[in-house]
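The structure under discussion appears below in the form of structure tokens.
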Amino acid sequence: ELVRMNVDVIFATSSTEVEGARQATKTIPIVFATHADPVSLGHIASLPRPGGNITGLTNQFTDLVAKELEILKEVVPHATRLGVLLTLTAPSHRPALQALKAAGEKLGVQLQMVSVHTAEDLDGAFATMARERVRGLLVVASTLTRSQRTLLAELALKHRLPGMFGTKENVEAGGLMSYAADFPDLTRRAATYIDKIIKGAKPADLPVEQATTFEFVINLKTAKTRGLTIPPSLLLRADEVIQ
């Protein structure tokens, strides 16, 4: 519909929206703000020279999930089995899965991967992880996990699973921890791309920029409810501690 309207620019914030826009047009400029991994997903040729009609900013998601797993392991240092909740239909979760497998091998932990597609899948996913006796949970960020953040926090508490999430909103809803790029900052920076394109710049000539600000958030109230001790070193590294 946007292509039929012949808009000047399409703002498609993440990889899911970019994929739809890419299939709809090869000529109208497309700007993204929080793309997970634009090179691996084939949406651009390279960060410095994107080529084509797509450009914007990346949140370095594939690298971030490995870091999230490392932090989770610090909270449960003796765990040998951790759960990973992801949505394999989300374009960004495919490269994230490979990054997590490599990180898990490096950390010496087995990963129980559970894919969900709708909110109705979450109860069964947690039941599966309970049967597999995982000691912690990494929730790979997606539209679903953000929209179901309250339910996810409740299920993690019910099953006594320390959780690492990919958005701050999940922690504000009662999740234990999150480590993520500053999405509002990326979105503000995307406005400069749109401005340049409207003034005549070509997307192919605008290098893709990476996230420069990251936030590590801990919900200490959730930790106390869970009877979990957060290492002082992690508390010192946190950008925000929710009391």
Side-chain angles (χ1 to χ4, degrees), residues 1-70 84 86-106 113 115 140-146 166-167 179-215:
E1 183 177 351
L2 291 173
V3 172
R4 286 198 301 271
M5 292 168 64
N6 195 31
V7 297
D8 294 315
V9 182
I10 295 175
F11 176 62
T13 183
S14 72
S15 59
T16 300
E17 292 82 14
V18 170
E19 179 59 23
R22 183 189 68 81
Q23 292 181 22
T25 179
K26 296 293 188 292
T27 56
I28 296 175
I30 298 167
V31 174
F32 53 79
T34 59
H35 200 303
D37 198 338
V39 177
S40 291
L41 294 178
H43 290 162
I44 63 171
S46 69
L47 297 183
R49 300 182 64 84
N53 63 318
I54 305 173
T55 190
L57 298 107
T58 172
N59 60 16
Q60 298 173 259
F61 185 69
T62 304
D63 295 329
L64 282 179
V65 289
K67 182 65 175 178
E68 290 169 7
L69 190 66
E70 290 176 15
V84 176
L86 72 168
T87 307
L88 288 178
T89 53
S92 61
H93 286 206
R94 295 192 296 272
L97 176 62
Q98 300 306 315
L100 283 169
K101 287 180 177 178
E105 291 179 6
K106 182 179 177 181
M113 308 285 188
S115 183
V140 183
S142 69
T143 302
L144 173 64
T145 61
R146 283 194 296 272
T167 69
Y179 183 71
D182 185 340
F183 279 26
D185 176 63
L186 290 170
T187 305
R188 281 191 294 268
R189 289 165 61 189
T192 65
Y193 280 78
I194 294 171
D195 180 56
K196 290 176 182 177
I197 289 170
I198 288 174
K199 290 176 178 176
K202 302 297 183 184
D205 300 328
L206 296 176
V208 171
E209 295 180 7
Q210 296 176 303
T212 56
T213 306
F214 302 89
E215 293 183 306

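Note that the numbering runs from 1 along the sequence shown for the chain.
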*Say you draw a straight line from CD1 of Ile30 to CD1 of Ile44; how long is it, rounded to the nearest 0.5 Å?*
12.5 Å
*What are the two closest non-hydrogen atoms of Pro29 and Pro203, and how far apart are they?*
CB-CG, 3.6 Å
*Report yes if some heavy atom in the side chain of Leu41 is under 4.5 Å from a heavy atom in the side chain of Val18; otherwise report no.*
no
*Which heavy-atom pair separates Pro50 from Pro207 by the least distance, and what is that distance?*
CD-CA, 4.1 Å
*Kindly compute the distance separating NZ (Lys101) from CD (Gln98), expressed to the nearest 0.5 Å.*
5.0 Å
*asked:* Quiz question: by atom type and distance under 3.5 Å, do the side chains of Thr34 and Thr13 form a donor-acceptor pair?
replied: yes
*For residues 194-203, which residue pairs qualify under side-chain hydrogen bond (donor to acceptor under 3.5 Å, both in side chains), counting only residues two or more places apart or in two chains?*
Asp195-Lys199
*Write down the atom of Gly56, the atom of Tyr193, and the distance for their closest heavy-atom approach.*
O-OH, 3.4 Å
*Which pairs with one or both residues in residues 19-46 pass salt bridge (Lys or Arg N to Asp or Glu O under 4.0 Å), sequence neighbours excluded?*
Glu19-Arg22
*Walk me through it: do Val140 and Thr87 pass the test side chain to side chain contact (heavy atoms under 4.5 Å, CB included)?*
CA-CA 8 Å; Val140 183; Thr87 307; over 6 Å; no
_Selection residues 46-59 - residue pairs positive for side-chain hydrogen bond (donor to acceptor under 3.5 Å, both in side chains), sequence neighbours left out_ = none
*Sequence neighbours left out, what passes side chain to side chain contact (heavy atoms under 4.5 Å, CB included) with Glu70? Give chain and number order.*
Lys67, Leu107
_What I'd like to find out is whether the side chain of Leu206 reaches to under 4.5 Å of the side chain of Ile197, using heavy atoms alone._
yes
*Glu209: what forms a salt bridge (charged side-chain N to carboxylate O under 4.0 Å, His left out) with it, not counting sequence neighbours?*
Arg189
*Just say parallel, tilted or perpendicular for the rings of Phe214 and Tyr179, cut-offs at 30° and 60°.*
parallel
*Evaluate the criterion side chain to side chain contact (heavy atoms under 4.5 Å, CB included) for residue pair Thr16 and Thr143; output intermediate values, then yes/no.*
CA-CA 9 Å; Thr16 300; Thr143 302; 5.6 Å; no
*asked:* Give me the atom names and distance for the closest heavy-atom approach of Thr62 to Pro95.
replied: CG2-O, 3.7 Å
*Determine, stepwise, if the pair Arg188 / Asp185 fulfils side chain to side chain contact (heavy atoms under 4.5 Å, CB included).*
CA-CA 5 Å; Arg188 281 191 294 268; Asp185 176 63; 3.9 Å; yes
*Considering non-hydrogen atoms only, spot the tightest contact between Phe61 and Ala141 and give its length.*
CZ-O, 3.8 Å
_Holding to side-chain hydrogen bond (donor to acceptor under 3.5 Å, both in side chains), I want the full list of residues that pass it with Ser15, two or more places apart in sequence or in another chain._
none
*In Å, rounded to the nearest 0.5 Å, how long is the span from CD of Gln210 to NE2 of His35?*
13.0 Å
*For Ala211 and Gln60, work out which heavy atoms get closest and say how close.*
O-OE1, 2.9 Å
*asked:* A side-chain contact here means heavy atoms from C-beta on lying under 4.5 Å apart; do Thr25 and Ile10 qualify?
replied: yes
*Is there a donor-acceptor contact under 3.5 Å from the side chain of Thr213 to the main chain of Asp182?*
no
